[in-house]
Amino acid sequence: MDLKQFVEQLEQLASQAEQAFLAADSAESFEAARIEFAGAKSGQLKAIQKQLGSLDQADRPEGGKKLNEAKARIQAALDQATERLGGEGGKARKAIGPMVDPTLPGASFHLGTTHPITQTIEHLKEIMGRLGFAPVEGPEVEDTWHNFIALNIPEDHPARDPLDNFYLSVAGATAIDANASEAKLLRSQTSTVQIRVMENQQPPIRIISLGRVYRPDEADMTHFPMFHQMEGLWVEPGVTMAHLKSVLRMFATSYLGEDVTIRFRPSFFPFTEPSVEVDYLWNDNWVEFGGAGMVDPNVLRAVGYDPEQVTGFAFGLGVERLCMRRHRVTDIRDLFRNDLRFLHQF
Ligand code: PHE
């Protein structure tokens, strides 16, 4: 082939390509033109390029130059068409609409939810709020004054045993001294918050406190070394046991339903006198939900109140047990395994 023929072919090809790209009005026609003229394997430009080798040695530089010019023209036409159709290759498809079939069934998107215990806490706050109890918070790391002493639990009381509590080790000490004044522990009950509130406020007091407590219990279907309690405290002149029973009954029917049966059993706590345990009837079994009673005069004195002037009641209920009863959860451990198949049900 001579140079003249070679250049003519190039000219012709470039013009054809320019026209084809100019005429392209869809992703399909654009793609067809691209393959025909600029395709890496079977494109016409490629075919002509192969003939460069058959030119006379002397003509080859000129042939190469013309080839590059034709290439540049074709590329420019391609670029213009790309832009006109809305972006490069993939984007050009937009010219004919998105490649999504809106009639196909989709997979649902599972949004996260709050944990069942968090939901329960919110619910309990809402019910108690209607009865006039304001929520307050207290620390989870406590000193022995708030966890025991002010609650009328003396030094030799078994509830203070290191085996029944999570004491924190004191820097420099070789063994845990549960009775050391600086001893700290993960609170074993939310009754600590009663003391903290009464130390800082004068009656009337009507609060609840919901939060974690810790006890070194073996985990089984009904026990876990960390769980939540709802503490309630109402202190003001004239509060009686009748108020306590009414509040707990109203709370139980609000949370569990009108048909719940509730029972108060005489019991003992160092910080209440008299004391009761609160049971709800569940599946024909009595289940203990917590303790309650009239605030012991010693506790009122410990926070500087005059037991001749004010009386009060307190209660502490297990949040997990309430949640489990309402949602028919039978194993407390399910609440803390974080198995999404379980959690997605709430
Ligand atoms: N703090 C007690 C417990 O953890 C419950 C309780 C609270 C009892 C308030 C009486 C009054 O078991």
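Atoms considered below: every heavy atom in the structure, side chains included; atoms not considered: hydrogens, waters and symmetry mates. Keep in mind it's a predicted model, so treat the numbers as computed, not measured. As the structure lists them, so they are numbered: ligands from 1, and atoms in each ligand from 1.
- Among protein heavy atoms, the minimum distance from atom 4 (O) of ligand 1 is reached at R215 NH2, 2.8 Å.
- Contact annotation for R187 and ligand 1: no heavy atom of the residue comes within less than 4.0 Å of the ligand.
- Classification of the Y280-F289 ring pair by plane angle, with boundaries at 30° and 60°, yields tilted.
- Every atom of ligand 1 with a heavy atom of G316 under 4.0 Å away is listed here by number and element: 6 (C), 7 (C), 9 (C).
- The salt bridge (Lys or Arg N to Asp or Glu O under 4.0 Å) test with R212 is passed by exactly one of E320, E140, E142, E231: E140.
- In terms of N/O distances under 3.5 Å, ligand 1 is not approached by T272.
- Cation-pi geometry between R215 and F166 is not met at under 6.0 angstrom from the ring centre and within 45 degrees of the axis.
- Remark: F37 engages no residue in a ring-ring contact (aromatic ring centres under 6.0 Å, His included) (not counting sequence neighbours).
- Residue S191 touches ligand 1 through its side chain alone, judged by heavy-atom distances below 4.0 Å.
- At under 3.5 Å, not a single nitrogen or oxygen of S188, backbone or side chain, sits near a nitrogen or oxygen of ligand 1.
- Taking every non-hydrogen atom of A292 and a distance limit under 4.0 Å, the qualifying atoms of ligand 1 come out as 8 (C), 10 (C), 11 (C).
- In this structure, D331 pairs ionically with R333, as a charged nitrogen and a carboxylate oxygen lie closer than 4.0 Å.
- When E231, E288, M294 are ranked by how near their heavy atoms come to atom 9 (C) of ligand 1, first place goes to E231.
- For H115 (side chain) and L335 (main-chain N/O), a donor-acceptor pair under 3.5 Å exists by modelled atom type.
- Salt bridge E199/R196: absent, no basic N to carboxylate O contact under 4.0 Å.
- The ligand atoms of ligand 1 that sit less than 4.0 angstrom from a heavy atom of Q194 are 9 (C).
- In F271, the part holding a heavy atom less than 4.0 Å from any atom of ligand 1 is the side chain.
- Looking only at side-chain heavy atoms (C-beta outward), F227 and V319 stay at 4.5 Å or farther from each other.
- In this structure, atom 2 (C) of ligand 1 lies nearest to the protein heavy atom Q189 OE1, 3.7 Å.
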